[in-house]
Number of protein chains: 2
Amino acid sequence: MKLDGIYEGLHDGLRRRILCLLRNGELCVCHFQEILGASQVQISKHLAYLRARALVEVRREANWMIYRLPDQLAPELAAHLACLEECVRGDPIFRRDLLQGRRLRGRKARSGPQCCTPPISKPASTQLARP
Amino acid sequence: MKLDGIYEGLHDGLRRRILCLLRNGELCVCHFQEILGASQVQISKHLAYLRARALVEVRREANWMIYRLPDQLAPELAAHLACLEECVRGDPIFRRDLLQGRRLRGRKARSGPQCCTPPISKPASTQLARP
DNA sequence: TAAGAATATATCTATATCGGTATATACAAT
DNA sequence: ATTGTATATACCGATATAGATATATTCTTA
């Protein structure tokens, strides 16, 4: 594995949070949106960036794209992810990310094939009626 | 210490070679030029980049600027440098760098206050006489 | 087949980075 | 004071990156 790709991947804070989250298990794009509070495009592009460097892998599950760390985790990548996690262990942001990740994974496991809960953005009440 | 700065520093191959070299002891700019085979400006700018992020420190010795890792090495930086070295242990480029670094440090120790040997670029023979 | 949901990509803009050339700075030696 | 040596900085152009908006793709469901 190329070191360049690893450091390029780790060069951005959002991507570091994504990779740390993935260390605890796979997640889909909407999960990342919810946990990281970032836009769909932003998440999708960072994931594409990581994919292009073989730092993550994907599979499709119905409408959802489920991301995970590579099945054959290169030792260099494993080492750097471990190092990163070691360094952010005390960081409240990363701690919160992990908690939320655990929560969402649990929720998905319970709700069956449904991946994401009804969109958090909308109040789930009414369509906004416009003249 | 900011993780951003660390990953910015490690984002470039030359800078990685510089940092690995410094793990074995201090070096001056001309040494880096000789070992890495890069231009003065290139080296100087990469070192400025590392300095701006507190990844290296400098002291002046006559005409020479001697670079070293920070006296108080932040644990995050130490961890990442160890991780990097672990990953490049087998890389012939890095191996050669370390050997050359050791050689140049020895040469300096022997030659006293003189830092660098007479410029390798010039044949040390004649000035080129031009009409 | 049409509509909707989840995700990806295209395009644009602003900014950072990298390397090069030219020039400035700081010190040493004469 | 002048010259030389080692290093740093200014400026320029090419390329990469990050975010935003708009649009395309892919699958599901009615």
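Below, read A as the first sequence line, B as the second, and so on, with proteins coming before strands; counting in each chain starts at 1.
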Visitor: Using whole Å, what does the distance between atom P of nucleotide C:dT25 and atom NZ of B:Lys45 come to?
Guide: 18 Å
Visitor: Distance check: side-chain N/O of A:Tyr67 vs OP1/OP2 of C:dA8, anything under 4.0 Å?
Guide: yes
Visitor: Taking the side chain of A:Ala48 as heavy atoms from C-beta outward, which of C:dT9, D:dA6, D:dA8 is closest to it?
Guide: C:dT9
Visitor: Is there a side-chain polar atom (N or O) of A:Arg51 under 4.0 Å from OP1 or OP2 of C:dT7?
Guide: no
Visitor: Of all the choices, D:dA8, C:dC18, C:dT7, which nucleotide is nearest to the side chain of A:Ser44 once you look at every atom?
Guide: C:dT7
Visitor: So, do B:Leu10 and B:Arg15 sit near enough that their side-chain heavy atoms are less than 4.5 Å apart?
Guide: no
Visitor: At under 4.0 Å between heavy atoms, how does the protein contact nucleotides 24-30 of chain D? Give one character per nucleotide, 5' to 3', with B, S or -.
Guide: --BBS--
Visitor: Between A:Val56 and A:Leu19, is there a side-chain heavy-atom distance shorter than 4.5 Å?
Guide: yes
Visitor: Expressed as a whole number of angstroms, how long is the span from B:His31:NE2 to D:dA6:P?
Guide: 11 Å
Visitor: What is the separation between atom CD1 on B:Ile43 and atom C1' on C:dC18, rounded to the nearest whole Å?
Guide: 13 Å
Visitor: Looking for any heavy atom pair under 4.0 Å, which part of the strands does B:Gln42 touch: base, sugar-phosphate only, or nothing?
Guide: sugar-phosphate
Visitor: Which nucleotide, C:dA8, C:dA6, D:dA20, lies nearest any side-chain atom of A:Val29?
Guide: C:dA8
Visitor: Working to the nearest 0.5 angstrom, can you tell me the gap between B:Leu3 CG and A:Asp91 CG?
Guide: 8.0 Å
Visitor: Could you give the CG-to-P distance, from B:Leu14 to C:dG20, as a whole number of Å?
Guide: 10 Å
Visitor: Let's see if you can work this out: which of C:dT7, D:dA6, C:dG19 has an atom nearest to the side-chain heavy atoms of B:Trp64?
Guide: D:dA6
Visitor: May I ask you to say what A:His46 touches in the nucleic acid, namely base, sugar-phosphate or nothing, with a heavy-atom cut-off under 4.0 Å?
Guide: sugar-phosphate
Visitor: Is NZ or CZ of A:Arg53 both nearer than 6.0 Å to the six-membered ring centre of A:Tyr49 and within 45° of the ring axis?
Guide: yes
Visitor: Checking contacts here: which listed nucleotide (C:dT17, C:dT7, D:dT7) is nearest the side-chain heavy atoms of B:Gln33?
Guide: D:dT7
Visitor: Considering residues, nucleotides and ligands other than A:Arg95, do more than 12 of their heavy atoms fall under 6.0 Å from its CZ?
Guide: no
Visitor: Starting from the 5' end of DNA chain C, give me the residue, B:Arg15 or A:Gln40, whose nearest nucleotide shows up first.
Guide: A:Gln40
Visitor: Which whole-number value in Å describes the distance from B:Glu8 CD to C:dA16 C1'?
Guide: 9 Å
Visitor: In whole angstrom, what separates B:Leu27's CG from D:dA6's C1'?
Guide: 15 Å
Visitor: Pick the closest DNA chain C nucleotide for A:His11 and for A:Met65 by heavy atoms, then say which residue is nearer the 5' end.
Guide: A:Met65
Visitor: To the nearest Å, give me how far apart CG (B:Asp12) and P (D:dT17) are.
Guide: 13 Å
Visitor: Using salt bridge (charged side-chain N to carboxylate O under 4.0 Å, His left out), reason through B:Glu61 and B:Arg59 one step at a time and then give a plain yes or no.
Guide: CA-CA 7 Å; B:Glu61 199 166 289; B:Arg59 75 164 192 281; 2.7 Å; yes
Visitor: To the nearest Å, how far apart are A:Leu47 CG and C:dA8 P?
Guide: 7 Å
Visitor: Does the gap between the ring centers of A:His80 and A:Tyr7 come in under 6.0 Å?
Guide: yes
Visitor: If the plane angle is over 60° it's perpendicular, under 30° parallel, otherwise tilted; pick one for B:Tyr67 and B:Phe32.
Guide: perpendicular
